A.B. asks: 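Have a look at this one before I ask anything.
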Amino acid sequence: MEQNEEKQELLDRRYMRMAFIWAENSYCKRRKVGALLVKNKMIISDGYNGTPSGFENVCEDENDVTKPYVLHAEANAITKVARSNNSSDGATLYVTSSPCIECAKLIIQAGISRVVFAENYRLSDGIELLRRANVELVSVETDK
């Protein structure tokens with residue numbers, strides 16, 4: 001392995017550990033997901049799954065089903081960067097779980113060129129869409 005590839009792999013693992021730590025901020029009980037947007041080795045945005053601003057911090061209903069308005073970590077990170085002076089064009093998204101199809105669409109439209117994830121989401125259609133859009137995908141092993 002080339003030295004640059006080794007450095008990138010170390011950075012990927014480091015940022016992924018940070019995404020797992022960020023996921024701990026989620027109020028969701030069933031599943032906690034964290035995301036970081038990184039550009040030029042700087043974190044330009046972050047997100048975790050949860051309810052929209054101003055809503056109660058309860059993600060599941062009384063039957064333990066996720067409420068339909070809960071935002072995914074990727075969506076929170078992307079919408080947060082949209083409200084800042086930063087651009088996600090060419091950025092890397094670190095997310096603890098592979099993106100769903102809805103988040104994949106946002107990733108493509110936001111110009112994110114690389115997605116690094118640790119766990120596979122139950123559906124693979126998001127990953128398939130990102131492949132079709134030529135977004136670089138990296139799966140990393142992490143001990144969290």
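These numbers come from a predicted model, not from an experiment. Each residue takes its place number in the sequence, starting with 1.
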A.B. asks: Check S26, S97, C59 against K32 for a side-chain contact (heavy atoms from CB on, under 4.5 Å) and give me the one that passes.
C.D. replies: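 Of all the options given, the one that passes is S26.
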
A.B. asks: Charged N to carboxylate O under 4.0 angstrom, R13 versus E9?
C.D. replies: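 A salt bridge is present here (some side-chain N lies under 4.0 Å from a carboxylate O).
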
A.B. asks: Check this for me, if you would: do E102 and K105 make a salt bridge, where the nitrogen-to-carboxylate-oxygen distance has to be below 4.0 angstrom?
C.D. replies: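 Result for this pair is yes, salt bridge flagged.
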
A.B. asks: Between the side chain of S98 and the main-chain N/O of Y121, is any donor-acceptor distance below 3.5 Å?
C.D. replies: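 A pair under 3.5 Å: yes.
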
A.B. asks: Report yes or no: do N76 and Y48 form a side-chain donor-acceptor pair below 3.5 Å?
C.D. replies: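 Distance-only check fails for N76 and Y48.
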
A.B. asks: Taking all atoms of both residues into account, what is the closest heavy-atom pair of A35 and A77, and its distance?
C.D. replies: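 Answer, listing the atom of A35 first, then A77: CB-CB, 4.3 Å.
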
A.B. asks: For L93 and E74, what are the C-alpha separation, side-chain angles and deciding distance, and is it a side-chain contact (heavy atoms from CB on, under 4.5 Å)?
C.D. replies: CA-CA 8 Å; L93 176 70; E74 306 95 313; 3.8 Å; yes

A.B. asks: Would you indicate whether E141, at its atom CD, is surrounded by more than 12 heavy atoms from other residues, nucleotides or ligands within a distance under 6.0 Å?
C.D. replies: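 No, not enclosed.
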
A.B. asks: Please give me the minimum heavy-atom distance between C28 and N49, naming the atom from each residue.
C.D. replies: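 In this case the closest contact between C28 and N49 is SG-ND2, 3.6 Å.
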
A.B. asks: Other residues, nucleotides and ligands only: do more than 12 of their heavy atoms fall within 6.0 Å of CG on N57?
C.D. replies: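 Counting other residues, nucleotides and ligands, CG of N57 exceeds 12 neighbours.
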
A.B. asks: Looking only at heavy atoms, what is the nearest atom pair of P99 and A104, with distance?
C.D. replies: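 Here P99 and A104 meet closest at CB-N, 4.3 Å.
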
A.B. asks: Specify the closest pair of heavy atoms between I108 and L129, including all atoms of both residues, with the distance to one decimal.
C.D. replies: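 Heavy-atom minimum between the residues: CD1-CG, 3.8 Å.
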
A.B. asks: For the pair K39 (side chain) and S88 (backbone), establish whether a donor and an acceptor sit closer than 3.5 Å, ignoring hydrogens and angles.
C.D. replies: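 No, K39 side chain to S88 backbone: no donor-acceptor pair under 3.5 Å.
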
A.B. asks: Give a yes or no answer on whether the side chain of N40 reaches the backbone of M42 with a donor-acceptor pair at less than 3.5 Å.
C.D. replies: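 Side chain of N40 to backbone of M42, a donor-acceptor pair under 3.5 Å: no, none is there.
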
A.B. asks: Grab the two heavy atoms, one from A75 and one from L106, that are nearest each other, plus how far apart they are.
C.D. replies: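 In terms of heavy atoms, the two residues are closest at CB-CD1, 3.8 Å.
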
A.B. asks: Specify the closest pair of heavy atoms between Y15 and I43, including all atoms of both residues, with the distance to one decimal.
C.D. replies: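 For Y15 and I43, the tightest heavy-atom pair comes out as CE2-CG1, 4.0 Å.
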
A.B. asks: Could you tell me if N4 and Q8 have a donor-acceptor pair between their side chains, going purely by distance under 3.5 Å?
C.D. replies: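 There is no such pair between these side chains.
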
A.B. asks: Atom NZ of residue position K29 - does it have more than 12 heavy atoms of other residues, nucleotides or ligands inside 6.0 Å?
C.D. replies: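 No, NZ of K29 has 12 or fewer neighbouring heavy atoms, counting only those of other groups under 6.0 Å.
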
A.B. asks: For the pair T96 (side chain) and G34 (backbone), establish whether a donor and an acceptor sit closer than 3.5 Å, ignoring hydrogens and angles.
C.D. replies: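 Yes; at least one donor-acceptor contact below 3.5 Å.
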
A.B. asks: Would you say N85 has more than 12 foreign heavy atoms packed within less than 6.0 Å of its CG?
C.D. replies: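 No.
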
